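Working notes, structure below.
Excluded from the calculations below are hydrogen atoms, water molecules and symmetry mates; all remaining heavy atoms, backbone and side chain alike, are included. Keep in mind the model is a prediction, meaning the values are calculated, not measured.
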Amino acid sequence: MTIQQFSRREFLVSAGKIGIAACGAYALFSSSPWLRSVFRCSSELYARDKLGELAAAAPLARYWVSTLHAEGHCRECHTPEEIASDPGHRHDELAVKCLLCAQSCMIANRERGKCRSRMNVNGELRSLVYGRPISVHVDPIEKKPFYHFLPGSQAYSLATSGCPLHCRFCQNWEISQIRPEDYDVAYTPPASIVRSVVDRRAPVIAFTYNEPTVFVEYLTDIARAAREENVRSVLISCGFMNEAPLAEMCSVLDAIKIDLKGFSEDFYRKVCSAELKPVLRSIRQVAKSGTHLEIVNLVVPTLNDSDVMIGELCDWVIGELGPDVPVHFTRFHPDYQLLNLSPTPVETLERARSVALAKGMHYPYVGNVPGHAGNHTYCPRCGKIVIERSGFFIAAMHMKNGQCEYCDEPIAGVWQ
């Protein structure tokens, strides 16, 4: 199911048709504190009832421990010193610790973690978003962006609500920052998703738009079913998951793109409400797994665009991963809570790409600037264009069997 989108013109026409009634209603609403309180209470009651329905139908999540069955899992929540000092400790409350992502949320009964998508229901963690995609679309795979994985392919893209991060610049905040009960969507089992993908003849399923880790159970079930139909699966992620769920995802996914949002703990804390170290750990883990990896760095003016930070990011990528991992330096556009900033100057992105090339990176890109020469893929040996792009589409390919057709240099990636 797709979120209903309205053009500005459609919205204004509709608003005009109901304008007089709306103005009258607004005047009455504004002048009556009682009406405002009734409306607010009604909205809260509706949300509470909707959440109750979701929780009652929600399947068990994975990756958690609970005081309900705490035996043998004490070290997940307590240090060895705490355990030794109180070996007979008993839990009076039904608390759950989520082990999915690095937020490590301790969740009281009937409450949720920071992602809003997983809820403690009487000592059991349940997924409120399993089978509930709120956005489905078919995109070029270059839009994700993947530039070295099946270029020119169409990717059947889907998302639920929820994200463990709260990035102030999020361009999908209407999806990532809302609650599952804010949308009415029909339950869609994994088999139905895969059937729709096959019907549309899309060779790839992309888990994207929000942070797909929050629907890891749904994601992995879909990816396993997709493999049986020779459909590949890719993940577009913030990389904030823990090692065990990431290992499961790597086992069923064919490619992963991770946003390395800035090479600074201070940036992650202040702008994303998160930490840098778990993201670096995830990137290393994906690289070691052999799953195809690409990295995006959204360059935000005044926040993560310094020469020092960009240089440190490039040094880390080359030192930890090698020169062949594609890195996209992508243009920021004002959105969500950072409307006060200007779009990233193209010169800043060009400088980042030049720094990356000078340090030995083979495939740095200028992203979100259609028509820029930094969108093309160049052979690291002879320097000629091997993949020419026009926007999100392939204009020309100069490769044979994964090699540059001019000098036979292997080009890192998944090409067929």
CG of Leu293 to OG of Ser282, rounded to nearest 0.5 Å, is 10.5 Å
To the nearest 0.5 Å, atom OH of Tyr363 lies from atom CG of Asp324 at 5.0 Å
Give a yes or no on whether the backbone of Glu243 and the side-chain of Gln285 come within a donor-acceptor separation of less than 3.5 Å. yes
- Message: For Phe332, is there any backbone N or O sitting under 3.5 Å from a side-chain donor or acceptor partner on Thr344?
- Response: yes
Between the CZ atom in Arg351 and the CG atom in Asp305, the distance rounded to the nearest 0.5 Å is 6.5 Å
Test item: Thr220 side-chain N/O and Val216 main-chain N/O as donor-acceptor pair under 3.5 Å
yes
- Query: Heavy atoms, side chains only, cut-off 4.5 Å: are Ser237 and Glu211 in contact?
  - Reply: yes
Any chance the side chains of His328 and Glu294 put a donor and an acceptor closer than 3.5 Å?
-> yes
Short side-chain donor-acceptor distance under 3.5 Å, Tyr209 and Asp139 | yes
*Would a line drawn from the ring center of His148 to the ring center of Trp415 be shorter than 6.0 Å?*
yes
- prompt: Is it true that Arg179 and Asp182 have a side-chain N and a carboxylate O under 4.0 angstrom from each other?
  reply: yes
Check: Gly123 main-chain N/O paired with Ser66 side-chain donor or acceptor under 3.5 Å: yes
- Message: Are Phe329 and Tyr365 an aromatic pair, judged by ring center distance below 6.0 Å?
- Response: no
Hydrogens and angles aside, do Ser157 and Lys144 bring a side-chain donor and acceptor to less than 3.5 Å of each other? yes
Could you tabulate the donor-acceptor pairs under 3.5 Å formed by side-chain atoms of residues 190-207, not counting sequence neighbours?
residue, atom, partner, partner atom, Å
Ser192, OG, Arg195, NH2, 3.3
Ser196, OG, Tyr156, OH, 3.3

List the steps and the verdict of salt bridge (charged side-chain N to carboxylate O under 4.0 Å, His left out) for Glu265 and Lys277. CA-CA 8 Å; Glu265 288 287 3; Lys277 287 181 182 177; 5.1 Å; no
Value for CD (Glu111) from CZ (Arg116), rounded to nearest 0.5 Å, stands at 13.0 Å
- Query: Any donor and acceptor pair, going by atom type alone, linking the side chain of Gln177 with main-chain N or O of Leu165 inside 3.5 Å?
  - Reply: yes
TODO: Salt-bridge test for Arg281 and Glu275: reply yes if a basic N is under 4.0 Å from a carboxylate O, no otherwise.
DONE: no
The reported gap from CE in Met361 to CZ in Arg353 (rounded to nearest 0.5 angstrom) is 11.0 Å
**Prompt:** Heavy atoms, side chains only, cut-off 4.5 Å: are Tyr218 and Thr188 in contact?
**Reply:** yes
Handout entry: Side-chain donor or acceptor of Asp254 paired with backbone N/O of Val234 under 3.5 Å
Key = no
Rounded to the nearest 0.5 angstrom, the OG1-CD1 distance for Thr377 and Ile394 is 7.5 Å
Give a yes or no on whether a salt bridge exists between Arg227 and Glu229, defined as a side-chain N under 4.0 angstrom from a carboxylate O. no
- Message: Using modelled atom types and a 3.5 Å cut-off, is there a donor and acceptor pairing between side-chain atoms of Asn210 and backbone atoms of Gly162?
- Response: yes
Throw together a table of side-chain donor-acceptor distances under 3.5 angstrom for residues 310-317, partners on residues two or more places apart or in other chains.
residue, atom, partner, partner atom, Å
Asp315, OD1, Lys359, NZ, 3.0
Asp315, OD2, Lys359, NZ, 3.4

Open item on the list: Strictly distance-based, threshold 3.5 Å: is any side-chain N or O of Gln103 a donor or acceptor partner for the main-chain N or O of Pro164?
Closed with: yes
Fill in: Sidechain-backbone polar pair: Arg118 side chain, Arg62 backbone, donor-acceptor under 3.5 Å
yes
> Just by modelled atom types, is the Leu125 backbone N or O under 3.5 Å from a matching donor or acceptor in the Asn120 side chain?
Replying inline: no
